[in-house]
Structures are given as structure tokens and as C-alpha cells.
**Q** 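Quick one: the structure is below, questions incoming.
Just so you know, ligand 1 is whichever comes first in the structure, and atom 1 is the first atom listed for that ligand. When a residue number appears, it is its place in the shown sequence, counting from 1. On a predicted model such as this, the values are computed, not experimentally measured, just so you know.
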Amino acid sequence: MTDSTKFWAVVPAAGVGKRMNADRPKQYLELADKAVIEHTLYRLLSAKVFEAVSVAISIEDPYWPELEVSKHPKVITAAGGKERADSVLSALKSIRALASDEDWVLVHDAARPCITATDIQFLIDSLRNDEVGGILALSSHDTLKDVDGKNILGTLDRSHIWRALTPQMFRYGSLKHALESAEGNPAITDEASALELQGLQPKIVEGRPDNIKITRPEDLALAQFYMEQQHD
Ligand code: C5P
């Protein structure tokens, strides 16, 4: 890696979040006086490592232009896609003229507003000399069951199972190539899975358990609690 290697953030924010049963996509729900996505973006911007943050937004989204952060000089708006991977690819293309293939891209879900500067820095410090890159992840404390309908088929060895979080950090060129090669494949639910399909082995870096994804209504109260506890 040369000193000229830059860091970019990509934020997929074009989902509808059906499991929230809300009147608007979950990234626009209110959390401690701001929209969820405002917390997410201000936290990424305050890490002070990114050249820019490219945010993938649905073209029919009326909420985004109303937010102050959408006009921030380091924020770029890209068109969202059908699936999360399409949104990420679109955001990558929006910085094509600015980024080089060797630059690092950190992809972070809009719906994870509790991300901390310590987690971002730890991920970068752990992987900046790695060939492939990797992801923040959490080990599983619960015993895990393999289930068919309501029948337990077996118990998984949890020492081999980690939960994938974001940010996920890969080089611009290899991430774009992996996502383009996997286009339309429903098995690609995060960036690492696209790299895995290329035969590569991304690393895991243990993240903080407070980096939750807003998925169900009760997650908003939990996110607010975590934010009140966080001092870094
Ligand atoms: O639905 P899920 O929670 O897995 O979405 C993760 C992230 O991907 C969210 O920030 C969501 O807005 C984003 N997404 C997207 N484009 C889609 C689907 C999801 O940017 N088509």
C-alpha cells in the first residue's frame, strides 16, 4: 500500500425496510431528534478518514433532499438499485472518476446509526496491510440450531459461526469487479459474499455489539440507549 491510498465510504440507503411496519423507510425514522441516516452519516463524516461518502438513494425518495446532510460537501448521491448489491455498485460507479482501484472502500448500512469512530479505526488498522480486506463481525454466544420448519435437524458448531456487520472494507477495484460478476445472484447479501464467490477469503475483525442494524420497531429504543451510553 502506498501513502496515496485513499479511503471512501459507501452507504446503501435505498431499502424500504418492510419489517418496521412504518410510514417511511427505516433510515428516515426519528431517533434522538434526527433521522437514523443522519446519525449514520455524521458519524462516518466525523471519523475524518473518508475523501467522500457516496449514498445510494431510491430515485423516488422524497425524504433525502430535505435533509441538510444531503448537501454536505463530502456527500455524493447515487441512484439506488433493486437489491442492496445493486445499490452498492451504483454508489461505487458514482466515484469511478475519483477513486483508484487500490483505494479502500468501507461499505456501511444506512440502518446502522450506532457505528463508532473506534470501530471504524480498528477495522482500518486491522486490514490496511491485508491483500483482500474484510468485515466487522460478532461471534455467536447462543447455541445455534439447524432447523427445517419447526424441527431441529442438528446443532451447529458456533465456534465457526460469526455474524457479519458493517462496515465491510475492500479495495475499490476488486469490490467493483466482484459485484459486477455476481450481478443478479440472490446469495449476495453483503460485500464479503461477492468476494468469496471470487475464491477470496476476506478477514473478520471483531466489532462492538452496539453496532446494531435497525430492523424491527423495538430496535429504535435500543439504538437510542446505546447512543446515550457511547462516549467514543
Ligand atoms: O434490508 P436490510 O436491512 O438488509 O438493508 C441493509 C441496507 O441496505 C439498508 O441501509 C438499506 O437501505 C440498504 N438497501 C439498499 N438498496 C436496496 C435494499 C437495501 O440500499 N435495494
**Q** Heavy-atom distances under 4.0 Å are what count here, so tell me which part of E83 touches ligand 1: side chain, backbone, both or neither.
**A**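 Looking at E83 and ligand 1, just backbone atoms fall under 4.0 Å.
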**Q** Of all the non-hydrogen atoms in the protein, which one sits nearest to atom 14 (N) of ligand 1, and at what distance?
**A**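 Ranking protein heavy atoms by distance from atom 14 (N) of ligand 1, first comes G15 N, 3.5 Å.
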**Q** Can you tell me if E191 uses its side chain to pair, donor with acceptor, with the backbone of L179 under 3.5 Å?
**A**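 No; zero donor-acceptor contacts below 3.5 Å.
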**Q** In the protein, what heavy atom is nearest to atom 8 (O) of ligand 1, and what distance, to one decimal place, separates them?
**A**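 Checked against all protein heavy atoms, atom 8 (O) of ligand 1 sits closest to R84 CG, 3.5 Å.
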**Q** Quick check on K48: does its NZ atom have over 12 non-hydrogen neighbours (other residues, nucleotides or ligands) under 6.0 Å away?
**A**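 No, the 6.0 Å shell around NZ holds no more than 12 heavy atoms from other groups.
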**Q** Please answer: with hydrophobic residues joined when any side-chain heavy atoms are less than 4.5 Å apart, are V11 and L92 in the same cluster?
**A**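 Per the 4.5 Å side-chain linkage, V11 and L92 are not co-clustered.
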**Q** Any non-hydrogen atom of G80 lying under 4.0 Å from ligand 1?
**A**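 Outside the 4.0 Å threshold, so no.
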**Q** For atom 7 (C) of ligand 1, what is the closest protein heavy atom, and at what distance to 0.1 Å?
**A**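 Here the closest protein heavy atom is D109 OD1, 3.5 Å.
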**Q** Where is the nearest protein heavy atom to atom 3 (O) of ligand 1: which residue, which atom, and how far?
**A**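 Protein heavy atom with the smallest distance to atom 3 (O) of ligand 1: K26 NZ, 2.7 Å.
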**Q** Considering only non-hydrogen protein atoms, determine which one is nearest to atom 20 (O) of ligand 1 and report residue, atom name and distance to 0.1 Å.
**A**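 Protein heavy atom at minimum distance: A14 N, 2.8 Å.
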**Q** Is any side-chain heavy atom of Y226 less than 4.5 Å from a side-chain heavy atom of R208?
**A**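 SC-SC contact between Y226 and R208 ruled out.
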**Q** In a table with atom names and distances, give each donor-acceptor pair under 3.5 Å that connects a side chain of residues 51-61 to protein atoms at least two apart or in another chain.
**A**
residue	atom	partner	partner atom	Å
S54	OG	A91	O	3.4
S54	OG	S94	OG	2.7
S58	OG	E60	N	3.3
D61	OD1	Y63	N	2.8
D61	OD1	W64	N	3.1
D61	OD2	Y28	OH	2.5

**Q** Roughly how far, to the nearest 0.5 Å, is CZ of F7 from CE of M169?
**A**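 Rounded to the nearest 0.5 Å, the CE-CZ separation comes out at 5.0 Å.
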**Q** With heavy-atom distances below 4.0 Å as the criterion, list the atoms of ligand 1 near A110.
**A**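 Taking each heavy atom of A110 in turn, ligand 1 has 10 (O) under 4.0 Å.
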**Q** Say whether K145 and T155, considering side chains only, have a donor N or O and an acceptor N or O under 3.5 Å apart.
**A**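 Side chains of K145 and T155: pair found under 3.5 Å.
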**Q** Which of the numbered atoms in ligand 1 are under 4.0 angstrom from any heavy atom belonging to K82?
**A**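 In order of number, 21 (N).
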**Q** How about L123 and Q168: do any of their side-chain heavy atoms sit closer than 4.5 Å?
**A**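 No; the side chains remain at least 4.5 Å from each other.
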**Q** Has ligand 1 got any nitrogen or oxygen that is less than 3.5 angstrom from a nitrogen or oxygen of A56?
**A**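 No.
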**Q** In ligand 1, which numbered atoms sit nearer than 4.0 Å to a non-hydrogen atom of S87?
**A**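 Every atom of ligand 1 under 4.0 Å from some heavy atom of S87: 15 (C), 16 (N), 17 (C), 20 (O), 21 (N).
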**Q** Number the atoms of ligand 1 from 1 as they appear, then name those within less than 4.0 Å of a heavy atom of A111, with their elements.
**A**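 In order of number, 10 (O).
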**Q** Among all protein heavy atoms in this structure, tell me which lies nearest to atom 9 (C) of ligand 1, with the distance rounded to 0.1 Å.
**A**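 Of the protein heavy atoms, P12 O, 3.7 Å lies nearest.
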**Q** Quick one: look up the protein heavy atom nearest atom 4 (O) of ligand 1 and list residue, atom name and how far away it is.
**A**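 Result: K213 NZ, 3.0 Å.
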**Q** Got a list of side-chain donor-acceptor pairs under 3.5 Å for residues 134-142, not counting sequence neighbours?
**A**
residue	atom	partner	partner atom	Å
S140	OG	D142	O	3.3

